[in-house]
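Lettering follows sequence order; numbering is per chain, from 1.
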Protein chains: 2
Amino acid sequence: MTPNKEDFIKAIFELGGQTQVVTNKDLVRTLSISAASVTEMNTRLLKEGLITHLPYQGVILTEKGLTIANQLIRKHRIWEVFLAEKLGYDWNEVHSDADLLEHASSDLLIERLNIFLGEPTFDPHGGVIPNKDGSIPEIHSTPLIECTKGVQFKIKEVDDQEEFLEYLLYKKVHLGKEYTLVDIEPYDGPLTLKSTSGEETIIGHKAAFKILVELID
Amino acid sequence: MTPNKEDFIKAIFELGGQTQVVTNKDLVRTLSISAASVTEMNTRLLKEGLITHLPYQGVILTEKGLTIANQLIRKHRIWEVFLAEKLGYDWNEVHSDADLLEHASSDLLIERLNIFLGEPTFDPHGGVIPNKDGSIPEIHSTPLIECTKGVQFKIKEVDDQEEFLEYLLYKKVHLGKEYTLVDIEPYDGPLTLKSTSGEETIIGHKAAFKILVELID
DNA sequence: AACTTTTTTTAGGATAGACTAAAAATTAAT
DNA sequence: ATTAATTTTTAGTCTATCCTAAAAAAAGTT
Ligand SMILES: [Mn+2]
Ligand SMILES: [Mn+2]
Ligand SMILES: [Mn+2]
Ligand SMILES: [Mn+2]
């Protein structure tokens, strides 16, 4: 296993490759490599039994590939917790360093780091940290976009694109914060949130897809 | 710069390449690669102006190469401090993980980690941590082998080969510990040390080359 | 159904790194 | 001074990863 293969498998997973066929096009866009390189990498991973390949359609992860993806994500997210909690990174800064460190971490290192961090369950974006064996703890949260006017909720997880995190930082939206959804405009209009302390925040319709919340009874 | 090049330059430095010519043979032994691969890497580094090459003799680091070596050693040693102090590694365990992490560390990460660790001066083996700009703080210690019978000293630095560190762990020799050199046998014989608490430790002649001490007046 | 656009694959190359085997140069030993 | 042993270099391959350009297949449009 090499860093490139690991990142490739992780990309397939993040594009839904556990359940759906992921197209070469998507991987070209995500990894910023040529279409030819994607075809090549597919061939390699197929030979190693990490993916199933449907010619001219795309790829799906095998059980083996899925385990590798989740173990890499475990490393990535544990490093993110370290960077955020111990080194004072903001949540929009952690991604690129964790993306390198994840490939330079022995299993022993990760386990010791995990203990040092107090065996966290979530990364700084609310992403759940997979178990050592590659399995994933069950989580129970709803996309904000599916909420109806009037409900109360708590922020549980957000998309980890750097620009989106900067946007949330600007909007003062962070994990654990509680709001009431006071308004949601039709025709893909904006959402108005009101925090427990009374400030109102307006966020765009598309942002509401990238925020997962837990409803408060 | 790639991990391989970095490690190669570091190896040249550790073999004395700042001042002496380092032979291909030495690099073959240190890096466990073929002689042909050493010649090849020499050609590459020469082209980049990181080394001076004397055909059929060996290589010396240029200023540029030296800076890269010291900056890599800085990263390596800062990681070693982290592994030992925060994750509970013994001093014989830190090397291999630090050897990977050093290549996956942005400058920003290292500076933040350095601050988190309290800007340490030495690594767990007493090796001095180079400055950010690649310069090296002056240090003042003597090889134990050069000490004479009767002197008192404090352990300042030890060779960082894994087996040697295990040996020292077994002999209960650690950084900062103070001893009196009660006996040193002629004909490359053993040395007898007596700690302040009274225990006597006998160590081999060759081990005394790998231990640096500071004399206590 | 035929034409156009998009996507995937193939073909042909490039670079970094590492290997073995053979040739050339240097050093050591008669 | 030869010969022998060691070390370095060259030549020829290999794998992983990336690329561009062209061909083939699939999807979209009239
Ligand atoms: Mn990565
Ligand atoms: Mn994350
Ligand atoms: Mn290294
Ligand atoms: Mn060290």
Side-chain angles (χ1 to χ4, degrees), chain A residues 1-17 20-61 64-65 68-69 72 96 99-100 102-104, chain B residues 1-17 20-61 64-65 68-69 72 96 99-100 102-104:
Chain A
M1 195 49 49
T2 66
N4 279 319
K5 282 183 195 164
E6 287 182 334
D7 277 339
F8 198 93
I9 286 180
K10 191 173 66 162
I12 295 171
F13 177 80
E14 283 166 354
L15 291 167
Q20 314 153 35
V21 171
V22 173
T23 65
N24 287 17
K25 191 80 197 306
D26 283 341
L27 288 163
V28 163
R29 200 160 20 77
T30 304
L31 296 164
S32 303
I33 57 177
S34 72
S37 297
V38 170
T39 297
E40 254 180 335
M41 188 61 98
N42 283 345
T43 316
R44 261 179 247 130
L45 297 181
L46 181 65
K47 202 173 303 171
E48 294 176 49
L50 302 176
I51 58 171
T52 302
H53 184 220
L54 307 168
Y56 288 97
Q57 288 189 253
V59 295
I60 308 191
L61 292 175
K64 217 169 132 195
I68 288 173
L72 187 65
S96 63
D99 230 7
L100 286 181
E102 65 189 0
H103 308 289
Chain B
M1 192 51 47
T2 66
N4 279 320
K5 283 184 194 163
E6 288 183 334
D7 277 338
F8 198 94
I9 286 180
K10 191 173 66 162
I12 295 172
F13 177 80
E14 283 166 354
L15 290 166
Q20 313 152 36
V21 171
V22 173
T23 66
N24 288 18
K25 191 78 197 307
D26 283 341
L27 288 163
V28 164
R29 200 160 20 75
T30 304
L31 296 165
S32 304
I33 57 176
S34 71
S37 297
V38 170
T39 298
E40 253 179 336
M41 187 61 96
N42 282 345
T43 315
R44 260 178 245 132
L45 297 181
L46 181 66
K47 202 173 302 171
E48 293 176 48
L50 303 175
I51 58 172
T52 302
H53 184 221
L54 309 167
Y56 287 97
Q57 290 188 253
V59 295
I60 307 190
L61 292 175
K64 216 169 131 196
I68 288 172
L72 187 64
S96 62
D99 231 7
L100 286 181
E102 64 190 0
H103 309 290

Could you give the distance from CE (A:M41) to CD1 (A:I33), rounded to the nearest 0.5 Å?
6.5 Å
Looking only at side-chain N and O atoms, does [X] come under 4.0 Å of OP1 or OP2 in [N]?
{"X": "B:N4", "N": "C:dA18", "result": "yes"}
{"X": "B:T2", "N": "C:dG17", "result": "yes"}
{"X": "A:R44", "N": "D:dT17", "result": "yes"}

Return the minimal non-hydrogen interatomic distance between B:V22 and B:D26, and the atom names on each side.
CG1-CB, 4.2 Å
Identify the heavy atoms of B:T30 and B:A11 that sit nearest to each other, and give their distance.
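Taking B:T30 first and B:A11 second, the nearest heavy atoms are CG2-CB, 4.2 Å.
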Send over the distance from [X] [atom1] to [N] [atom2], rounded to a whole Å.
{"X": "B:D7", "N": "C:dA16", "atom1": "CG", "atom2": "P", "value": "17 Å"}
{"X": "A:L46", "N": "C:dT8", "atom1": "CG", "atom2": "P", "value": "16 Å"}
{"X": "A:Y56", "N": "D:dA25", "atom1": "OH", "atom2": "C1'", "value": "5 Å"}
{"X": "B:K25", "N": "C:dA28", "atom1": "NZ", "atom2": "C1'", "value": "14 Å"}
{"X": "A:Q57", "N": "D:dA25", "atom1": "CD", "atom2": "C1'", "value": "12 Å"}
{"X": "B:D26", "N": "D:dT6", "atom1": "CG", "atom2": "P", "value": "16 Å"}
{"X": "B:L45", "N": "C:dG17", "atom1": "CG", "atom2": "C1'", "value": "12 Å"}
{"X": "B:L31", "N": "D:dT8", "atom1": "CG", "atom2": "C1'", "value": "16 Å"}

If you only use heavy atoms from C-beta on, which nucleotide in [options] is closest to the side chain of [X]?
{"X": "B:M41", "options": "C:dG17, D:dC18, D:dA26", "value": "C:dG17"}
{"X": "A:T39", "options": "D:dT10, D:dT17, C:dT10", "value": "C:dT10"}
{"X": "A:H53", "options": "D:dT8, C:dT9, D:dT17", "value": "C:dT9"}

Decide yes or no for [X] and [Y]: does some side-chain heavy atom of the first lie under 4.5 Å from some side-chain heavy atom of the second?
{"X": "B:F8", "Y": "B:V38", "answer": "yes"}
{"X": "A:H103", "Y": "A:L72", "answer": "yes"}
{"X": "B:E48", "Y": "B:K5", "answer": "yes"}
{"X": "A:K10", "Y": "A:D99", "answer": "yes"}

Short N/O separations, protein against nucleotides 19-21 of chain C, under 3.5 angstrom:
{"residue": "C:dC19", "atom": "OP2", "partner": "B:S34", "partner atom": "N", "Å": "3.0"}
{"residue": "C:dC19", "atom": "OP2", "partner": "B:S34", "partner atom": "OG", "Å": "2.8"}
{"residue": "C:dC19", "atom": "OP2", "partner": "B:S37", "partner atom": "OG", "Å": "2.7"}

